[in-house]
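Working notes, beginning with the structure itself.
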Number of protein chains: 2
Amino acid sequence: MTHDGRRLRGLRSREAILEQAVGLASVEGLDGLSLGRLAAATGTSKSGFFAHWRDKEQLQLDAVDWAARQWAERVIAPAMAAPAGVRRLFALHEARLGFYGEGVLPGGCFFFAVQAEFDDRPGPVHDRVARAMREWQEFIRRQVAQAVAQGELAESVDAAQLAYEIDALGEMVVVHSRLHGGPDSLVHARRAVLQRLRALCPDPTLLPED
Amino acid sequence: MTHDGRRLRGLRSREAILEQAVGLASVEGLDGLSLGRLAAATGTSKSGFFAHWRDKEQLQLDAVDWAARQWAERVIAPAMAAPAGVRRLFALHEARLGFYGEGVLPGGCFFFAVQAEFDDRPGPVHDRVARAMREWQEFIRRQVAQAVAQGELAESVDAAQLAYEIDALGEMVVVHSRLHGGPDSLVHARRAVLQRLRALCPDPTLLPED
DNA sequence: CAGATATACAAACGATCGGTCGTTAATGTA
DNA sequence: TACATTAACGACCGATCGTTTGTATATCTG
């Protein structure tokens, strides 16, 4: 029952498979991704998956968790280095845009693809995705509320309202940039949130001018 | 070669099939939608499709066109009733939110589902969707530019920038409302654009207060 | 060492996928 | 009336889907 070599090897390939699965799912979705192609991409056999997961749905659920962890490490964590308040809020937005712009995932954003796929399909995957998105939205809202409490945003700011705006402006970068090619949407998304925050911030010098 | 009864009957069922296809695709996507289920939903046979379309891709392309026509009739046309300028711009946004809120399509928005599906997959369907989305974005941009020209928006407004914001804030309603249930996102999306326009409009009385 | 456990595989399963073929019935044209 | 065209169909095709089964091998436990 202890951490021995067998389990370690199992965990390694499990992680490698999940990383591939999240990358592929960011392009084709969690359902569009077939076990056959995932097997080919990972260099393993289809049937080998069932040593790690009972069925495809279990793999999908673990993929959601893996993507959420990746998001926490590559977007949230770097932004937490910025001082709390409006600067951290904008750092969060920029970290997200950086995640998209660097092409960490071949499809841009795992959660965008999966949201569009499962927003109408009830089931465990829908629930898990909804929870992850709710936590993300709630996290942004808390950062807004903290900035208000610190006096870095006007007291009239509705935290849930501003959180929706920041999230929407950031999320739509994925499809706009991929569908129309250019990096225009990255610039638009960055500037939209920056100017919005500057307008609401009593001390705009906390934020870059452009 | 004239418009006779045969062709009329063909066109009728063709339209009925496309309407069903667009509705189903708004839920499961254009590829997730299978010909078998589409046949069951329309009460016809799979093989009957191939009298109207050479293959599935042709049906997908026609579905995109059909959805674009529906969008023009149910969103753009009503908004054109409003006087040109900032009022028409906001009417456009409200017409879109109404389209989503009324549940015209079971999946909320055909183009949202299809964008997420095809933004990374090159091919004719990708190109057709990209063109439709580019035209829509361009249409918003022209409405912004006209409002600026009429003096109903500040001259400093970057039309493409504001168009991106309006579109992003409207589009993300689909997934937010469906994933988290409540109509909060509809309120947030409406208020976000309304306050943004009011802030940029020299005569805010043109727009409702809330 | 023996026995249990876990990783991974090839082969095959029934179901469903997009698509083809040949046919029927209805509607048009000559 | 004779012939061409069209919508629509049932039956079937090879491929692929998610999944099951049985097996071989490597690792840990006793």
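Just so we're on the same page: letters track the sequence lines, and every chain starts at 1.
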According to the interplanar angle, ranging from 0 to 90°, do the rings of B:Phe99 and B:Trp71 count as parallel (below 30°), tilted (30 to 60°) or perpendicular (above 60°)?
perpendicular
Spacing of A:Trp53 atom CH2 relative to C:dT7 atom P, expressed in whole Å:
11 Å
Atom pair distance, as rounded to whole Å: CZ in B:Arg12 and P in C:dT27:
14 Å
Should A:Asp167 and A:Arg96 count as an ion pair when the cut-off is N to O under 4.0 Å?
yes
Heavy atoms from other residues, nucleotides or ligands near CD of A:Glu19 exceed 12 (cutoff 6.0 Å)
no
Once you measure the plane-to-plane angle for A:His93 and A:Phe90, does it fall in the parallel (<30°), tilted (30-60°) or perpendicular (>60°) bin?
tilted
Would the A:Phe111 and A:Phe118 ring centres measure less than 6.0 Å apart?
no
Distance check: side-chain N/O of A:His52 vs OP1/OP2 of C:dA8, anything under 4.0 Å?
yes
Nucleotides 13-22 of chain C: protein proximity per nucleotide (B base, S sugar-phosphate only, - neither; heavy atom, under 4.0 Å):
----SBBB--
